[in-house]
Amino acid sequence: MRKSILTRLNNWIIFVVMTTLVIAIVVSSTALINFLRKEEIKRINLLSKAIRIQQEVKTPDTDVLDLLPEILNINNTIPFIVTDKYKNPILDLGYYRNIPESTIKNPQKLHNLIMNMEKNYDPIEIKVPDGNNQFVYYDNSRLLNNLRYSPYILGLFILLYFGFSFWFFKTIKKTDEGYLWAGLAKETAHQIGTPLSSMIGWMEIMKLENPDSEGVHEIEKDIERLRTISERFSKIGSVPELNDMNFNETIQENYDYLKTRISRKVDFTLHLPAYTVLVPHNKILMSWVIENLVKNAVDAMKGEGAIVMSVFERNKNILIEVKDNGSGMTSQQARNAFKPGYSTKKRGWGLGLSLAQRVIHEYHNGDIKISQTEVGKGTTFRITIKKV
(Lines give C-alpha, C1' and ligand atoms only; values in the text may rest on other atoms or scores of the structure.)
Protein backbone atom coordinates (compact mmCIF):
# COMPACT_ATOMS: atom_id res chain seq x y z
CA MET A 1 0.00 0.00 0.00
CA ARG A 2 2.80 2.37 0.94
CA LYS A 3 4.60 1.60 -2.32
CA SER A 4 1.43 2.32 -4.28
CA ILE A 5 1.00 5.71 -2.57
CA LEU A 6 4.65 6.63 -3.22
CA THR A 7 4.34 5.59 -6.87
CA ARG A 8 1.26 7.75 -7.38
CA LEU A 9 2.95 10.64 -5.55
CA ASN A 10 5.94 10.38 -7.89
CA ASN A 11 3.61 10.35 -10.89
CA TRP A 12 1.92 13.52 -9.65
CA ILE A 13 5.30 15.21 -9.06
CA ILE A 14 6.38 14.36 -12.63
CA PHE A 15 3.05 15.66 -13.96
CA VAL A 16 3.37 18.93 -12.03
CA VAL A 17 6.98 19.44 -13.19
CA MET A 18 6.04 18.76 -16.83
CA THR A 19 3.04 21.10 -16.65
CA THR A 20 5.11 23.83 -14.97
CA LEU A 21 7.79 23.51 -17.65
CA VAL A 22 5.28 23.81 -20.47
CA ILE A 23 3.56 26.81 -18.84
CA ALA A 24 6.95 28.49 -18.26
CA ILE A 25 7.86 28.08 -21.93
CA VAL A 26 4.50 29.47 -23.07
CA VAL A 27 4.73 32.43 -20.66
CA SER A 28 8.33 33.26 -21.61
CA SER A 29 7.52 33.01 -25.32
CA THR A 30 4.50 35.28 -24.84
CA ALA A 31 6.66 37.80 -22.98
CA LEU A 32 9.17 37.76 -25.85
CA ILE A 33 6.40 38.34 -28.40
CA ASN A 34 5.03 41.28 -26.38
CA PHE A 35 8.53 42.78 -26.19
CA LEU A 36 8.99 42.47 -29.98
CA ARG A 37 5.55 44.01 -30.55
CA LYS A 38 6.45 47.04 -28.42
CA GLU A 39 9.73 47.41 -30.28
CA GLU A 40 7.90 47.41 -33.62
CA ILE A 41 5.48 50.07 -32.35
CA LYS A 42 8.47 52.20 -31.35
CA ARG A 43 9.92 51.84 -34.86
CA ILE A 44 6.61 52.89 -36.45
CA ASN A 45 6.39 55.92 -34.15
CA LEU A 46 9.92 56.91 -35.15
CA LEU A 47 9.02 56.46 -38.81
CA SER A 48 5.92 58.65 -38.37
CA LYS A 49 8.04 61.39 -36.83
CA ALA A 50 10.44 61.18 -39.77
CA ILE A 51 7.56 61.63 -42.22
CA ARG A 52 6.23 64.61 -40.22
CA ILE A 53 9.66 66.28 -40.07
CA GLN A 54 10.13 65.70 -43.78
CA GLN A 55 6.86 67.54 -44.45
CA GLU A 56 7.36 70.37 -41.93
CA VAL A 57 10.98 71.31 -42.54
CA LYS A 58 11.30 73.20 -45.78
CA THR A 59 15.04 73.75 -45.74
CA PRO A 60 16.60 70.99 -43.63
CA ASP A 61 20.33 70.73 -43.29
CA THR A 62 22.38 68.01 -44.94
CA ASP A 63 22.35 65.70 -41.88
CA VAL A 64 18.57 65.75 -41.73
CA LEU A 65 18.30 65.07 -45.44
CA ASP A 66 20.54 62.02 -45.00
CA LEU A 67 18.83 60.77 -41.82
CA LEU A 68 15.20 60.87 -42.97
CA PRO A 69 15.53 58.47 -45.95
CA GLU A 70 17.65 56.16 -43.77
CA ILE A 71 14.86 55.95 -41.16
CA LEU A 72 12.31 55.25 -43.88
CA ASN A 73 14.40 52.64 -45.63
CA ILE A 74 15.59 50.81 -42.51
CA ASN A 75 12.12 49.32 -42.00
CA ASN A 76 12.17 46.14 -44.13
CA THR A 77 9.70 44.06 -42.14
CA ILE A 78 6.78 46.10 -40.78
CA PRO A 79 3.98 46.76 -43.33
CA PHE A 80 2.61 50.32 -43.20
CA ILE A 81 0.83 52.85 -45.40
CA VAL A 82 0.06 56.55 -44.98
CA THR A 83 -3.44 57.89 -45.75
CA ASP A 84 -5.16 61.25 -45.66
CA LYS A 85 -7.85 62.02 -43.12
CA TYR A 86 -10.45 60.31 -45.34
CA LYS A 87 -8.47 57.05 -45.34
CA ASN A 88 -7.43 57.50 -48.94
CA PRO A 89 -3.97 55.93 -49.34
CA ILE A 90 -1.04 58.10 -50.38
CA LEU A 91 0.91 56.06 -52.86
CA ASP A 92 3.91 58.36 -53.19
CA LEU A 93 7.38 56.93 -52.71
CA GLY A 94 8.19 56.50 -49.01
CA TYR A 95 4.53 56.56 -47.89
CA TYR A 96 4.09 52.79 -47.89
CA ARG A 97 6.37 49.83 -47.45
CA ASN A 98 6.38 46.01 -47.16
CA ILE A 99 3.01 45.67 -48.88
CA PRO A 100 2.66 43.37 -51.94
CA GLU A 101 2.57 45.26 -55.24
CA SER A 102 -0.56 43.30 -56.23
CA THR A 103 -2.35 44.78 -53.21
CA ILE A 104 -1.15 48.30 -53.98
CA LYS A 105 -2.56 48.05 -57.52
CA ASN A 106 -5.92 46.72 -56.34
CA PRO A 107 -7.96 49.48 -54.58
CA GLN A 108 -10.36 47.02 -52.96
CA LYS A 109 -7.60 44.84 -51.57
CA LEU A 110 -5.77 47.91 -50.31
CA HIS A 111 -8.92 49.22 -48.62
CA ASN A 112 -9.46 45.85 -46.90
CA LEU A 113 -5.85 45.81 -45.77
CA ILE A 114 -6.20 49.29 -44.20
CA MET A 115 -9.37 48.16 -42.39
CA ASN A 116 -7.58 45.09 -41.00
CA MET A 117 -4.66 47.22 -39.87
CA GLU A 118 -7.05 49.53 -38.05
CA LYS A 119 -8.56 46.54 -36.21
CA ASN A 120 -5.16 45.50 -34.90
CA TYR A 121 -3.65 48.90 -34.08
CA ASP A 122 -4.90 52.46 -33.79
CA PRO A 123 -3.36 54.56 -36.60
CA ILE A 124 -0.73 57.15 -35.72
CA GLU A 125 -1.81 60.69 -36.59
CA ILE A 126 0.64 63.04 -38.34
CA LYS A 127 -0.39 66.65 -37.85
CA VAL A 128 0.53 68.98 -40.68
CA PRO A 129 0.34 72.80 -40.74
CA ASP A 130 -2.43 73.04 -43.35
CA GLY A 131 -4.77 70.86 -41.25
CA ASN A 132 -4.87 67.99 -43.72
CA ASN A 133 -3.61 65.55 -41.15
CA GLN A 134 -2.33 62.17 -42.26
CA PHE A 135 -2.53 58.74 -40.61
CA VAL A 136 -0.05 55.88 -40.52
CA TYR A 137 -1.70 52.46 -40.60
CA TYR A 138 0.49 49.48 -39.77
CA ASP A 139 0.44 45.81 -38.76
CA ASN A 140 2.72 43.15 -37.29
CA SER A 141 5.68 41.99 -39.30
CA ARG A 142 5.50 38.49 -40.78
CA LEU A 143 8.03 37.28 -38.21
CA LEU A 144 5.90 38.52 -35.32
CA ASN A 145 2.76 36.94 -36.77
CA ASN A 146 4.54 33.62 -37.07
CA LEU A 147 5.90 33.87 -33.53
CA ARG A 148 2.39 34.23 -32.13
CA TYR A 149 1.79 30.52 -32.64
CA SER A 150 5.23 29.36 -31.56
CA PRO A 151 4.41 29.02 -27.80
CA TYR A 152 1.49 26.73 -28.55
CA ILE A 153 3.42 24.71 -31.13
CA LEU A 154 6.36 24.40 -28.75
CA GLY A 155 4.10 23.49 -25.84
CA LEU A 156 2.36 20.84 -27.96
CA PHE A 157 5.71 19.45 -29.07
CA ILE A 158 6.90 19.18 -25.46
CA LEU A 159 3.70 17.46 -24.38
CA LEU A 160 4.02 15.00 -27.27
CA TYR A 161 7.65 14.39 -26.36
CA PHE A 162 6.84 13.67 -22.71
CA GLY A 163 3.88 11.53 -23.81
CA PHE A 164 6.16 9.49 -26.05
CA SER A 165 8.76 9.19 -23.28
CA PHE A 166 6.11 8.01 -20.83
CA TRP A 167 4.85 5.42 -23.33
CA PHE A 168 8.41 4.30 -24.14
CA PHE A 169 9.47 3.74 -20.53
CA LYS A 170 6.14 2.12 -19.69
CA THR A 171 6.63 -0.30 -22.60
CA ILE A 172 10.17 -1.10 -21.43
CA LYS A 173 8.91 -1.69 -17.90
CA LYS A 174 6.12 -3.94 -19.14
CA THR A 175 8.56 -5.93 -21.28
CA ASP A 176 10.97 -6.33 -18.35
CA GLU A 177 8.11 -7.49 -16.13
CA GLY A 178 7.05 -9.97 -18.81
CA TYR A 179 10.54 -11.45 -18.98
CA LEU A 180 10.69 -11.57 -15.17
CA TRP A 181 7.40 -13.45 -14.77
CA ALA A 182 8.19 -15.75 -17.70
CA GLY A 183 11.57 -16.60 -16.17
CA LEU A 184 10.02 -17.16 -12.76
CA ALA A 185 7.34 -19.43 -14.24
CA LYS A 186 9.83 -21.53 -16.20
CA GLU A 187 12.10 -21.89 -13.16
CA THR A 188 9.09 -22.98 -11.08
CA ALA A 189 8.22 -25.61 -13.70
CA HIS A 190 11.81 -26.83 -13.62
CA GLN A 191 11.86 -27.04 -9.81
CA ILE A 192 8.55 -28.92 -9.70
CA GLY A 193 9.65 -31.32 -12.40
CA THR A 194 12.40 -33.04 -10.34
CA PRO A 195 10.33 -34.18 -7.31
CA LEU A 196 7.36 -34.86 -9.60
CA SER A 197 9.35 -37.39 -11.60
CA SER A 198 10.33 -39.11 -8.37
CA MET A 199 6.70 -39.16 -7.16
CA ILE A 200 5.55 -40.73 -10.45
CA GLY A 201 8.12 -43.50 -9.98
CA TRP A 202 7.05 -44.22 -6.42
CA MET A 203 3.41 -44.18 -7.52
CA GLU A 204 4.08 -46.93 -10.03
CA ILE A 205 5.65 -49.03 -7.25
CA MET A 206 2.63 -48.45 -4.99
CA LYS A 207 0.26 -49.46 -7.79
CA LEU A 208 2.13 -52.76 -8.19
CA GLU A 209 1.83 -53.48 -4.47
CA ASN A 210 -1.82 -52.43 -4.09
CA PRO A 211 -3.44 -51.59 -7.45
CA ASP A 212 -6.99 -51.30 -6.08
CA SER A 213 -6.22 -48.86 -3.26
CA GLU A 214 -8.49 -45.81 -3.30
CA GLY A 215 -5.73 -43.72 -1.76
CA VAL A 216 -3.38 -44.65 -4.55
CA HIS A 217 -5.95 -43.55 -7.16
CA GLU A 218 -6.48 -40.20 -5.41
CA ILE A 219 -2.75 -39.56 -5.11
CA GLU A 220 -2.43 -40.45 -8.79
CA LYS A 221 -5.02 -37.79 -9.64
CA ASP A 222 -3.09 -35.19 -7.64
CA ILE A 223 0.17 -36.17 -9.32
CA GLU A 224 -1.52 -35.72 -12.68
CA ARG A 225 -2.68 -32.32 -11.49
CA LEU A 226 0.86 -31.40 -10.48
CA ARG A 227 2.00 -32.44 -13.93
CA THR A 228 -0.61 -30.14 -15.44
CA ILE A 229 0.50 -27.28 -13.18
CA SER A 230 4.12 -27.81 -14.20
CA GLU A 231 3.10 -27.74 -17.85
CA ARG A 232 1.18 -24.50 -17.29
CA PHE A 233 4.24 -22.78 -15.87
CA SER A 234 6.42 -24.05 -18.68
CA LYS A 235 4.10 -22.48 -21.28
CA ILE A 236 4.37 -18.98 -19.78
CA GLY A 237 6.77 -16.92 -21.89
CA SER A 238 6.34 -19.04 -25.02
CA VAL A 239 3.61 -18.84 -27.65
CA PRO A 240 1.10 -21.63 -26.88
CA GLU A 241 -0.86 -23.48 -29.55
CA LEU A 242 -4.60 -22.82 -29.52
CA ASN A 243 -5.62 -26.28 -30.69
CA ASP A 244 -8.55 -26.96 -28.39
CA MET A 245 -11.97 -25.96 -29.68
CA ASN A 246 -14.76 -27.36 -27.47
CA PHE A 247 -14.97 -24.62 -24.87
CA ASN A 248 -17.86 -26.27 -22.99
CA GLU A 249 -15.71 -29.33 -22.42
CA THR A 250 -12.82 -27.29 -20.97
CA ILE A 251 -15.09 -25.39 -18.58
CA GLN A 252 -16.96 -28.55 -17.54
CA GLU A 253 -13.72 -30.40 -16.76
CA ASN A 254 -12.53 -27.49 -14.63
CA TYR A 255 -15.83 -27.33 -12.83
CA ASP A 256 -15.86 -31.05 -12.09
CA TYR A 257 -12.31 -30.97 -10.75
CA LEU A 258 -12.71 -27.83 -8.62
CA LYS A 259 -16.08 -28.82 -7.18
CA THR A 260 -14.53 -31.84 -5.49
CA ARG A 261 -11.66 -29.84 -4.03
CA ILE A 262 -13.27 -26.73 -2.58
CA SER A 263 -15.16 -26.54 0.69
CA ARG A 264 -18.54 -28.27 0.83
CA LYS A 265 -19.83 -25.08 2.42
CA VAL A 266 -19.45 -23.40 -0.97
CA ASP A 267 -22.44 -23.75 -3.30
CA PHE A 268 -20.65 -23.99 -6.67
CA THR A 269 -22.89 -24.00 -9.78
CA LEU A 270 -22.20 -23.89 -13.52
CA HIS A 271 -24.38 -22.60 -16.37
CA LEU A 272 -23.35 -23.70 -19.87
CA PRO A 273 -25.07 -23.07 -23.23
CA ALA A 274 -27.16 -25.98 -24.53
CA TYR A 275 -25.14 -25.94 -27.76
CA THR A 276 -21.44 -26.59 -28.34
CA VAL A 277 -19.28 -23.47 -28.10
CA LEU A 278 -16.25 -23.52 -30.42
CA VAL A 279 -13.41 -21.24 -29.35
CA PRO A 280 -9.70 -21.67 -30.24
CA HIS A 281 -7.94 -21.91 -26.89
CA ASN A 282 -5.24 -23.68 -24.95
CA LYS A 283 -6.97 -25.96 -22.48
CA ILE A 284 -4.10 -26.08 -19.99
CA LEU A 285 -3.71 -22.30 -19.73
CA MET A 286 -7.44 -21.59 -19.80
CA SER A 287 -7.94 -24.08 -16.97
CA TRP A 288 -5.32 -22.20 -15.00
CA VAL A 289 -7.20 -18.92 -15.43
CA ILE A 290 -10.52 -20.46 -14.33
CA GLU A 291 -8.87 -22.11 -11.34
CA ASN A 292 -7.33 -18.80 -10.27
CA LEU A 293 -10.67 -17.00 -10.43
CA VAL A 294 -12.51 -19.73 -8.53
CA LYS A 295 -9.86 -19.96 -5.81
CA ASN A 296 -9.89 -16.17 -5.40
CA ALA A 297 -13.66 -16.33 -5.03
CA VAL A 298 -13.37 -19.06 -2.36
CA ASP A 299 -10.80 -16.98 -0.47
CA ALA A 300 -13.03 -13.88 -0.69
CA MET A 301 -15.88 -15.85 0.91
CA LYS A 302 -13.58 -17.41 3.55
CA GLY A 303 -14.63 -20.87 2.40
CA GLU A 304 -18.36 -20.36 2.74
CA GLY A 305 -20.88 -18.89 0.27
CA ALA A 306 -21.95 -19.26 -3.35
CA ILE A 307 -20.06 -19.20 -6.65
CA VAL A 308 -21.82 -19.09 -10.01
CA MET A 309 -19.81 -19.72 -13.17
CA SER A 310 -21.61 -18.89 -16.42
CA VAL A 311 -20.72 -19.16 -20.11
CA PHE A 312 -22.80 -17.25 -22.65
CA GLU A 313 -22.58 -15.56 -26.03
CA ARG A 314 -22.85 -11.82 -26.76
CA ASN A 315 -22.04 -9.89 -29.96
CA LYS A 316 -19.99 -12.73 -31.50
CA ASN A 317 -17.98 -13.02 -28.27
CA ILE A 318 -17.97 -15.77 -25.66
CA LEU A 319 -18.15 -14.49 -22.08
CA ILE A 320 -17.20 -16.41 -18.96
CA GLU A 321 -18.30 -14.95 -15.64
CA VAL A 322 -17.25 -16.08 -12.17
CA LYS A 323 -19.50 -14.49 -9.57
CA ASP A 324 -19.21 -14.80 -5.78
CA ASN A 325 -21.00 -13.31 -2.78
CA GLY A 326 -17.86 -12.76 -0.78
CA SER A 327 -16.25 -9.69 0.76
CA GLY A 328 -16.03 -7.69 -2.49
CA MET A 329 -13.44 -5.02 -3.25
CA THR A 330 -12.97 -1.32 -2.82
CA SER A 331 -12.45 0.77 -5.97
CA GLN A 332 -8.72 0.99 -5.21
CA GLN A 333 -8.42 -2.79 -4.76
CA ALA A 334 -10.25 -3.35 -8.04
CA ARG A 335 -7.89 -0.98 -9.89
CA ASN A 336 -4.82 -2.79 -8.55
CA ALA A 337 -6.13 -6.37 -8.70
CA PHE A 338 -4.23 -7.33 -11.87
CA LYS A 339 -0.96 -5.62 -10.97
CA PRO A 340 1.96 -8.02 -10.37
CA GLY A 341 2.74 -8.41 -6.68
CA TYR A 342 -0.51 -6.84 -5.46
CA SER A 343 -2.49 -8.94 -2.99
CA THR A 344 -5.04 -8.25 -0.26
CA LYS A 345 -4.22 -11.57 1.41
CA LYS A 346 -1.54 -11.99 4.07
CA ARG A 347 -0.20 -15.01 2.23
CA GLY A 348 0.44 -15.11 -1.48
CA TRP A 349 2.67 -13.48 -4.07
CA GLY A 350 -0.03 -11.56 -5.91
CA LEU A 351 0.82 -13.21 -9.23
CA GLY A 352 -2.32 -15.25 -9.97
CA LEU A 353 -4.49 -12.54 -11.52
CA SER A 354 -1.49 -10.94 -13.24
CA LEU A 355 -0.62 -14.22 -14.98
CA ALA A 356 -4.30 -14.84 -15.75
CA GLN A 357 -4.45 -11.46 -17.47
CA ARG A 358 -1.34 -12.33 -19.47
CA VAL A 359 -2.88 -15.64 -20.59
CA ILE A 360 -6.12 -13.97 -21.74
CA HIS A 361 -4.64 -10.78 -23.26
CA GLU A 362 -1.48 -12.02 -24.95
CA TYR A 363 -2.22 -15.66 -25.71
CA HIS A 364 -5.96 -15.59 -26.46
CA ASN A 365 -6.39 -11.96 -27.65
CA GLY A 366 -9.23 -11.55 -25.17
CA ASP A 367 -10.06 -9.40 -22.19
CA ILE A 368 -10.41 -10.05 -18.48
CA LYS A 369 -11.76 -7.53 -16.00
CA ILE A 370 -13.76 -7.02 -12.84
CA SER A 371 -17.20 -6.27 -14.25
CA GLN A 372 -18.85 -5.68 -10.88
CA THR A 373 -17.79 -5.51 -7.24
CA GLU A 374 -19.17 -4.10 -4.03
CA VAL A 375 -17.78 -4.33 -0.53
CA GLY A 376 -19.70 -6.92 1.48
CA LYS A 377 -21.72 -8.15 -1.52
CA GLY A 378 -19.23 -9.90 -3.79
CA THR A 379 -17.33 -9.66 -7.06
CA THR A 380 -17.85 -10.70 -10.68
CA PHE A 381 -14.90 -11.43 -12.97
CA ARG A 382 -15.58 -11.49 -16.70
CA ILE A 383 -13.51 -13.02 -19.50
CA THR A 384 -14.28 -12.07 -23.11
CA ILE A 385 -12.96 -14.13 -26.04
CA LYS A 386 -13.85 -13.92 -29.72
CA LYS A 387 -15.93 -16.76 -31.09
CA VAL A 388 -14.91 -18.69 -34.19
- Item | Where M329 and Q333 come nearest, the two heavy atoms and their spacing | CA-OE1, 3.4 Å
- Task: Kindly indicate whether the side chain of F247, heavy atoms from C-beta on, has any atom under 4.5 Å from the side chain of Q252.
- Result: no
- Item | Listed partners of N365 passing side chain to side chain contact (heavy atoms under 4.5 Å, CB included), at least two apart | none
- Message: Nearest 0.5 Å, please: how far is CD1 in I290 from CG in L285?
- Response: 12.0 Å
- Item | Residue pair N317, R314: steps toward the side chain to side chain donor-acceptor pair (under 3.5 Å) verdict | CA-CA 5 Å; N317 291 322; R314 179 184 294 173; over 6 Å; no
- Count the heavy atoms of every other residue, nucleotide or ligand shown that sit under 6.0 Å from CG of D92, and state whether that count exceeds 12. yes
- Listed by chain and number, what are the side chain to side chain contact (heavy atoms under 4.5 Å, CB included) partners of I44, not counting sequence neighbours? S48, I78, F80, I124, V136, Y138
- Is the shortest heavy-atom distance from the side chain of N120 to the side chain of N140 under 4.5 Å? no
- State the CD1-CG distance between I360 and D367, to the nearest 0.5 angstrom. 9.0 Å
- Item | Under the salt bridge (charged side-chain N to carboxylate O under 4.0 Å, His left out) test, residues paired with K42 that sit two or more places apart | E39
- Message: Could you tell me if T379 and T373 have a donor-acceptor pair between their side chains, going purely by distance under 3.5 Å?
- Response: yes
- Task: Using a 4.5 Å cut-off on heavy atoms from C-beta on, say whether the side chain of V82 contacts that of P89.
- Result: no
- Message: Once rounded to the nearest 0.5 Å, what's the spacing between atom CG of D324 and atom CE of M309?
- Response: 13.0 Å
- Task: Show which residues join I104 in its hydrophobic cluster (side-chain heavy-atom contacts under 4.5 Å, direct or indirect), or state none.
- Result: I81, L91, Y96, I99, L110, L113, I114, M115, M117, F135, Y137
- Do L242 and L319 belong to the same hydrophobic cluster, where Ile, Leu, Val, Met, Phe, Trp and Tyr are linked whenever their side-chain heavy atoms lie under 4.5 Å apart, directly or via other members? no
- R382: partners by salt bridge (charged side-chain N to carboxylate O under 4.0 Å, His left out), with sequence neighbours left out: E321
- Message: Within the structure provided, determine whether P280 and M245 are in side-chain contact (heavy-atom separation under 4.5 Å).
- Response: yes
- Could you walk me through whether Q134 and T83 pass the side chain to side chain donor-acceptor pair (under 3.5 Å) check? CA-CA 6 Å; Q134 298 172 346; T83 72; over 6 Å; no
- Message: Are the side chains of F338 and I368 in contact, using a 4.5 Å heavy-atom criterion?
- Response: yes
- Between T260 and Y257, what is the shortest heavy-atom contact and its length? OG1-O, 2.8 Å
- Could you walk me through whether N325 and I307 pass the side chain to side chain contact (heavy atoms under 4.5 Å, CB included) check? CA-CA 7 Å; N325 61 353; I307 300 175; over 6 Å; no
- Hey, mind stepping through S327 and M301 against side chain to side chain contact (heavy atoms under 4.5 Å, CB included) and telling me if it holds? CA-CA 6 Å; S327 58; M301 299 184 299; over 6 Å; no
- Item | Heavy-atom donor-acceptor pair, N292 side chain to W288 backbone, under 3.5 Å | yes
- May I have the step-by-step check of side chain to side chain contact (heavy atoms under 4.5 Å, CB included) for Q108 and H111, ending in yes or no? CA-CA 5 Å; Q108 186 59 46; H111 174 76; 4.3 Å; yes
- Query: Does any pair with a residue in residues 114-125 pass salt bridge (charged side-chain N to carboxylate O under 4.0 Å, His left out), and if so which ones, sequence neighbours excluded?
  - Reply: K87-E118
- Which distance, rounded to the nearest 0.5 Å, do you find between the CD of Q372 and the OG1 of T380? 5.0 Å
- Message: Test of understanding: with salt bridge (charged side-chain N to carboxylate O under 4.0 Å, His left out), list the residues that count as partners of R261, not counting sequence neighbours.
- Response: D222
- How many angstroms lie between CD1 in I318 and NZ in K386, if you round to the nearest 0.5 Å? 13.5 Å
- Note on the structure: The single option from N254, N282, T250 that satisfies side chain to side chain donor-acceptor pair (under 3.5 Å) with S287 is N254
- Does any non-hydrogen side-chain atom of K369 lie less than 4.5 Å from one of F381? no
- Task: Answer with yes or no whether the side chains of K339 and N336 bring together a donor and an acceptor at under 3.5 Å.
- Result: yes
- Sequence neighbours excluded - salt bridge (charged side-chain N to carboxylate O under 4.0 Å, His left out) pairs with any residue from residues 134-143: none
- Check side chain to side chain contact (heavy atoms under 4.5 Å, CB included) between D244 and all other residues, then give those that pass, not counting sequence neighbours. H281, K283
- K127 NZ to N132 CG distance, which is reported to the nearest 0.5 Å: 14.0 Å
- Message: Among residues at least two apart in sequence or on other chains, which ones pass salt bridge (charged side-chain N to carboxylate O under 4.0 Å, His left out) with K377?
- Response: E374
- In terms of heavy-atom contacts, I385 and H364 come closest through CG2-O, 4.3 Å
For residues 263-277, dump all side-chain donor-acceptor pairs below 3.5 Å to protein atoms at least two apart in sequence or in another chain.
| unit_1 | atom_1 | unit_2 | atom_2 | d |
| --- | --- | --- | --- | --- |
| S263 | OG | K265 | N | 3.1 |
| S263 | OG | G303 | O | 3.2 |
| Y275 | OH | E313 | OE1 | 2.9 |

- Query: Does one hydrophobic cluster hold both V308 and I262, with members joined at side-chain heavy-atom distances below 4.5 Å?
  - Reply: no
- Taking C-beta and beyond as the side chain, do N133 and I126 meet within less than 4.5 Å on heavy atoms? no
- Item | Check: V375 and T330 side chains under 4.5 Å, non-hydrogen atoms | yes
- Closest approach of P79 and S141, non-hydrogen atoms and distance? CD-CA, 4.1 Å
- Looking at residues at least two apart in the chain, or sitting in another chain, which of them share a side chain to side chain contact (heavy atoms under 4.5 Å, CB included) with L32? L36
- Message: Has N88 got a side-chain atom pairing as donor or acceptor with D84's backbone, closer than 3.5 angstrom?
- Response: no
